[in-house]
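Heads up: the structure comes next, in structure tokens.
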2 protein chains.
Amino acid sequence: MKRIAESTVRRLSIYLGFLEKAEQRGVLTTSSDDLAKLGGTTSAQVRKDLSFFGSFGKRGLGYSVPELSSHIREILGLGRSWNVCIVGAGKIGSALAQYAGFADRGFIVTGVYDSDRARVGSRLAGLTVRDTTSLEADVAAGEYEIVVLTVPPGNAQDVVDLVVGAGAKAILSFAPTQLTVPADVELRTVNMAMELEALTFALTNRDR
Amino acid sequence: MKRIAESTVRRLSIYLGFLEKAEQRGVLTTSSDDLAKLGGTTSAQVRKDLSFFGSFGKRGLGYSVPELSSHIREILGLGRSWNVCIVGAGKIGSALAQYAGFADRGFIVTGVYDSDRARVGSRLAGLTVRDTTSLEADVAAGEYEIVVLTVPPGNAQDVVDLVVGAGAKAILSFAPTQLTVPADVELRTVNMAMELEALTFALTNRDR
DNA sequence: ACTAGCTTGTGAAGAAATTCACAAGCTCCC
DNA sequence: GGGAGCTTGTGAATTTCTTCACAAGCTAGT
């Protein structure tokens, strides 16, 4: 199968968001044009994105909302639930642990870790914060499919190396630092300063 | 001037991160190859990225770390400080308000808003949480250059419309919903579910 | 059963981003 | 002063992504 562009995957997530909203409202049918308008793209792009994975519509009619929704969920790997652990029980880690939006899409936080003795043992979102020293064994035991990192930038690479060594294959980092992982590990980084910088760049270079 | 690709801006942020680290360590000189290796790209890409804005290196020698660093800061609009307000003093909003990483790059949180009476008036990161009813006037008065949104998805578009109406030109949203703004307003959205979905997509479609 | 009116799916064209490859230019050393 | 050894800056080639444009296919109405 052809390599799928990252931008395609991002758009699929966006389409899915609309489909789920439409589903709740009881809408039965939609078109590539609807999805395009809502998602800020073109209908050709929508159809091309979907065409990489199959053909889900009916010509002349459009797409069945529940069908397409279910197909995209399957494509994105949301046909099952995923166990997530959060490493770093600071401000952002705590906020994420309590964030309800994850569960909606099948992401279940089943572990929270911190290396600060003061936090270990405390309760967070129905879980007891564990010591980071037990993280390696828990990852190796296959307790989690995804590791979310909310540790200070100085520790981030160490934690990455630890969990990768234990067999982790997917990491989402909120640490504002560039991390390296082997090629067979998926890493995504959310860097808030970087997002703000994209804004200031645009503001500063607005009219060129 | 030619339109600059978003990917170029993102890479400039990454280069800047390394340059600042190098600066702290007292490194005086670097090369496109160094920057490429650290940032996971190629030296040609680094040079091409920089070439859009000028020519900052010396052939045979490389780049002066402090010089290049300062040039990139200028390009990204970081040569000044920016006033930021946070709308939504929930878990994520509070975490961001207290996040030190912003100040390092010249982003100063000078206002926090919430529409929940219970939160209005409380203290957060040295600021008093204000009522969202005063947000429109404060934005119109030019108090903020950037609005950060950490409100529930249902309210996000309303707040966007409000601040855009008041003249806001740059918005960073953490609400997991697609938002629309006029063409002259910069909007970026950080959607954590979407990041996780990119991971599960990769995990699910790993070996095709 | 046929026509009118949609919307999909997809090769082909076009645009954009990345990589290649090399001349230009700087420094050091003899 | 001139050659050796680097690294930059940048057109050109290549690859990747998006848009175009239209045949294929479905439905409803007559």
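Throughout, protein chains are lettered first and strands after them, A, B, ... in sequence-line order, and every chain is numbered starting at 1. Atom set for the values below is all heavy atoms of this structure, side chains included, hydrogens, waters and symmetry mates excluded.
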Minimum-distance nucleotide (side-chain atoms of B/Ala44 versus C/dT8, D/dC20, C/dC20): C/dC20
Nearest-angstrom distance from the residue atom CD of B/Gln45 to P of D/dT8: 14 Å
Between B/Phe56 (CZ) and D/dT10 (C1'), how many Å, whole number? 15 Å
Is any side-chain heavy atom of A/Arg10 less than 4.5 Å from a side-chain heavy atom of B/Phe201? no
Report the distance from atom CG of B/Asp34 to atom P of D/dC6, rounded to the nearest whole Å. 15 Å
When we call it a touch if two heavy atoms are under 4.0 Å apart, what does A/Ser43 touch: a base, just sugar-phosphate, or nothing? nothing
Need one value for B/Thr8: base, sugar-phosphate or nothing, where a base atom within 4.0 Å counts as base even if backbone is also close, heavy atoms only. nothing
Rounded interatomic separation in angstrom, taking NZ from A/Lys58 and P from D/dT27: 7 Å
Minimum heavy-atom distance between B/Asn83 and B/Glu145, given as atom pair plus value: N-OE1, 2.7 Å
Which atoms form the tightest heavy-atom contact between B/Thr200 and A/Leu76, and what is the distance? OG1-O, 2.7 Å
Consider the side chain of B/Arg47, meaning its heavy atoms from C-beta on, and name the nucleotide among C/dG9, C/dT18, D/dG9 that approaches it most closely. D/dG9
Can you tell me if the side-chain N/O atoms of B/Ser32 get under 4.0 Å from OP1 or OP2 in D/dT7? no
Does a side-chain N or O of B/Ser55 approach OP1 or OP2 of D/dG9 to a distance below 4.0 Å, or not? yes
Could you tell me how far apart B/Arg11 (CZ) and C/dA16 (C1') are, to the nearest whole angstrom? 12 Å
Would the B/Tyr99 and B/Phe102 ring centres measure less than 6.0 Å apart? yes
Would you check if B/Leu127 and B/Val109 make a side-chain contact, meaning some heavy-atom pair closer than 4.5 Å? yes
What's the closest nucleotide to the B/Thr42 side chain, out of C/dT19, D/dC17, D/dT18? C/dT19
Can you measure A/Asp33 atom CG to C/dG9 atom C1' for me and round it to whole angstrom units? 15 Å
Measure the distance from NZ on A/Lys48 to C1' on D/dC17 and round it to the nearest whole Å. 10 Å
Using OP1 and OP2 only, check whether a side-chain N or O of A/Tyr63 sits under 4.0 Å from C/dC6. no
Looking only at the side chain of A/Ser31 (C-beta and beyond, no hydrogens), which of the listed nucleotides C/dT7, D/dG9, D/dA12 gets closest? C/dT7
D/dT18, OP1 or OP2 - any side-chain N/O from A/Ser7 closer than 4.0 Å? yes
Grab the CG-C1' distance between A/Asp49 and D/dT16 for me, whole Å please. 14 Å
Spell out yes or no: do the side chain of B/Arg59 and the base of D/dT7 have one donor N/O and one acceptor N/O closer than 3.5 Å? no
